[in-house]
Chemist: 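Sending over a structure as C-alpha cells; questions will come in a sec.
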Protein chains: 2
Amino acid sequence: MNDKYDCLKLENQLCFPLYVASKEIIRRYKPFLDKLDLTYTQYIAMMVMWEKKSLKVTELCKCLFLDTGTVSPLIRKLKSKGYIELSRSKEDERIQIVTITDKGEVLKEEAVDIPSKMINSKCMNLSKEDAENLYRILYSIIQQD
Amino acid sequence: MNDKYDCLKLENQLCFPLYVASKEIIRRYKPFLDKLDLTYTQYIAMMVMWEKKSLKVTELCKCLFLDTGTVSPLIRKLKSKGYIELSRSKEDERIQIVTITDKGEVLKEEAVDIPSKMINSKCMNLSKEDAENLYRILYSIIQQD
DNA sequence: CTGCAATATATTGTGTACAATATAATTGTA
DNA sequence: TACAATTATATTGTACACAATATATTGCAG
C-alpha cells in the first residue's frame, strides 16, 4: 500500500506537526498572557527588552527572527502601552533605539510567574530528555542555512 | 549568575525556537510553493483534499487544526482557483461538502516532487534519529490536553 | 565633493490565525 | 409540537507575518 503520493500525506510531514505544535503552545500561553494584556509576540519582545534594556530596532528584529513589517507596529503597540520608549541615535539619525521604561520593568514582576505556571499546568508535559532533545533539534533547524 | 528572572530569558524558552523553526520551515517551502501559486496553508489543505477527495468543512478544520475563521476564506480561495468544489449535504442543509476537482488532481502531479526537493535542498537537514524524535515529541505536544 | 550603493526603518498589500459573534438548520425534550 | 440547546458554518475584529516598495541617512568610490 505504498505509492508515490505517500510523501504528500499530511501524516508523513514533519513541517505540519511543527506548525501545529507552535500554534498550540502559543494558544496555551494565552490565558496567562491575557492577564497581563500581552499577546505572545509582545511577550517575547518584552523578554528581549527585560534582558537587554536598550537596543536598536534592527537588533530587536534579529533577536526575534521577525522583519520590520512585523516589528514596527509591535513597537508602536508596546510604546502606546508605556513599556518602551523610542529615541534616535546621535551618531546615525536613521537608527531608532528602543529602551525599556520603569513601567516595563514593573511588568517583568508580573510576568515572572508565567514560565512556572506553564510548567505546572502541564502545558508542555515533556520528559527532561525530550525537552532537551527538542530544544537542540529546533535550534539546529533554525541555524541551518 | 543565576537569578529568578532567568526563566524569562528568550534563550531559556522552548516555545520560542518552536515558533521560529515553524516559521522558518514554512519560509523554506515558499520557493517551491510559489511555482504552484500556493501558500503553505493552501498546500496543507490540498494535502488533505488529495488524500480524502471529499469531506465536510468541519472535518477539514479538524484535520488542519484550524478554525472556521481561517478555513472559510481558505476554501473560498481554493474554489476560486478551481481546485475544489462546494456542495450542500442532502441530509443536513447546514453541512458543506468540499470535493476535489480534476484540476485539483492535476495539481497533485505538480506537487509530488516538493517533498523530495525539500529534502535534497537540505531545508531540514536532520539525522534519521532526530527527525523521528522530533516527529514523536511534536505529536505528543499536540495530543496533550 | 558628488553621486550611488548600502543601511535603517516604515508602509502597503496579501494571507493567515483565532476569539467572539451571528445565523441558520437540526435535535432533543418538556 | 413548540422551543431551547446544539451544531455547522460564516463574518467581524484584532494581531500577526512577510514580501515588496518607499524614504531617508550614511558611507564610499571616483
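Everything quoted here is computed from the prediction, not taken from an experiment. Convention: sequence-line order gives letters A, B, ...; per-chain numbering from 1.
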Chemist: Please report the distance, rounded to the nearest Å, between CD1 in Ile26(B) and C1' in dC16(D).
Modeler: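 Nearest whole value for this atom pair: 13 Å.
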
Chemist: With a cut-off of 3.5 Å and sequence neighbours excluded, list every side-chain donor-acceptor pair involving residues 71-84 of chain B.
Modeler:
unit_1: Ser80(B); atom_1: OG; unit_2: Lys77(B); atom_2: O; d: 2.8
unit_1: Lys81(B); atom_1: NZ; unit_2: Asp37(B); atom_2: O; d: 2.5
unit_1: Lys81(B); atom_1: NZ; unit_2: Gln42(B); atom_2: OE1; d: 3.0

Chemist: Hey, is Glu132(B) close enough to Lys128(B) for a salt bridge, meaning N to O under 4.0 Å?
Modeler: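 Looking at Lys128(B) together with Glu132(B), the answer is yes, because their closest N to O distance falls below 4.0 Å.
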
Chemist: Within a reach of under 6.0 Å around CD of Glu129(A), are more than 12 heavy atoms found that belong to other residues, nucleotides or ligands?
Modeler: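 Not buried by this count: 12 neighbours or fewer within 6.0 Å.
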
Chemist: Let me know the distance between CD of Glu59(B) and P of dT7(D), rounded to the nearest Å.
Modeler: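 Rounding to the nearest Å, CD of Glu59(B) and P of dT7(D) are 15 Å apart.
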
Chemist: Need to verify one output field. Residue with the more 5' nearest nucleotide on DNA chain C, Val71(A) or Phe65(B)?
Modeler: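 Going by which nucleotide is closer to the 5' end, it is Val71(A).
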
Chemist: Can you tell whether the side chains of Lys35(B) and Glu110(B) come within less than 4.0 Å, N to carboxylate O?
Modeler: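 No.
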
Chemist: Between Lys30(B) and Phe32(B), is NZ or CZ placed under 6.0 angstrom from the six-membered ring centre and within 45° of the ring axis?
Modeler: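 Judged by the rule (NZ or CZ under 6.0 Å from the ring centre, within 45° of its axis), Lys30(B) is not positioned above Phe32(B).
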
Chemist: Which letters describe nucleotides 23-28 of chain C, given B = protein heavy atom under 4.0 Å from base, S = only from sugar-phosphate, - = neither?
Modeler: --BS--

Chemist: Which ILVMFWY residues are connected to Ile97(A), directly or by a chain of links, through side-chain heavy atoms under 4.5 Å apart?
Modeler: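 Result for Ile97(A) is Ile95(A).
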
Chemist: Asp67(A) has an atom CG; how far is it from atom C1' of dG13(C), in whole Å?
Modeler: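 Computing the Asp67(A):CG to dG13(C):C1' distance gives 13 Å.
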
Chemist: Taking only residues two or more places apart in sequence, or in another chain, which ones meet Tyr139(A) in a side-chain hydrogen bond (donor to acceptor under 3.5 Å, both in side chains)?
Modeler: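 Result, side-chain hydrogen bond (donor to acceptor under 3.5 Å, both in side chains) vs Tyr139(A): none returned.
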
Chemist: Could you tell me how far apart Leu60(A) (CG) and dC16(D) (P) are, to the nearest whole angstrom?
Modeler: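 Rounded to whole Å, this separation is 13 Å.
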
Chemist: Determine whether Leu18(B) and Leu138(B) satisfy the following criterion, side-chain contact (heavy atoms from CB on, under 4.5 Å), listing intermediate values before the conclusion.
Modeler: CA-CA 10 Å; Leu18(B) 188 58; Leu138(B) 291 173; 3.7 Å; yes

Chemist: Which ones in residues 34-44 of chain B lie close to DNA chain C, meaning a heavy atom under 4.0 Å from one of its atoms?
Modeler: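 Residues of residues 34-44 of chain B that come under 4.0 Å of DNA chain C are, in numerical order, Thr39(B), Thr41(B), Gln42(B).
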
Chemist: Whole angstroms only, please: what is the CD1-P distance between Ile95(A) and dA10(C)?
Modeler: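 Answer to the nearest Å: 12 Å.
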
Chemist: Just checking, any donor-acceptor pair under 3.5 angstrom between side chains of Tyr5(B) and Glu109(A)?
Modeler: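 The answer is yes; a qualifying pair exists.
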
Chemist: Whole-Å distance between dA17(C) C1' and Tyr19(A) OH?
Modeler: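 It works out to 8 Å between those atoms.
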
Chemist: Measure NZ/Lys23(A) against C1'/dC16(D) and give the value in whole Å, please.
Modeler: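 The answer, rounded to whole Å, is 13 Å.
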
Chemist: Check every atom of dA10(C), dA17(C), dC16(D) against the side chain of Leu66(B) and return the nucleotide holding the closest atom.
Modeler: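 The nucleotide sitting nearest to the side chain is dA17(C).
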
Chemist: Identify, residue by residue, the members of residues 75-89 of chain A with a heavy atom below 4.0 Å from DNA chain C, and return them in order of residue number, or none.
Modeler: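 Heavy-atom cutoff 4.0 Å gives Arg76(A).
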
Chemist: Output the rounded distance in Å from CD (Gln96(A)) to P (dA24(D)).
Modeler: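 Distance, rounded to whole Å: 15 Å.
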
Chemist: Would you call Lys62(A) and Glu59(A) a salt bridge, taking side-chain N to carboxylate O under 4.0 Å as the test?
Modeler: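 No, no charged N to carboxylate O under 4.0 Å.
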
Chemist: Mark yes when over 12 heavy atoms from residues, nucleotides or ligands other than Asp34(B) sit less than 6.0 Å from its CG; otherwise mark no.
Modeler: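 Atom CG in Asp34(B) is crowded, with more than 12 foreign heavy atoms closer than 6.0 Å.
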
Chemist: Taking the side chain of Ser72(B) as heavy atoms from C-beta outward, which of dA10(C), dA10(D), dT16(C) is closest to it?
Modeler: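 Minimum distance to the Ser72(B) side chain belongs to dA10(D).
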
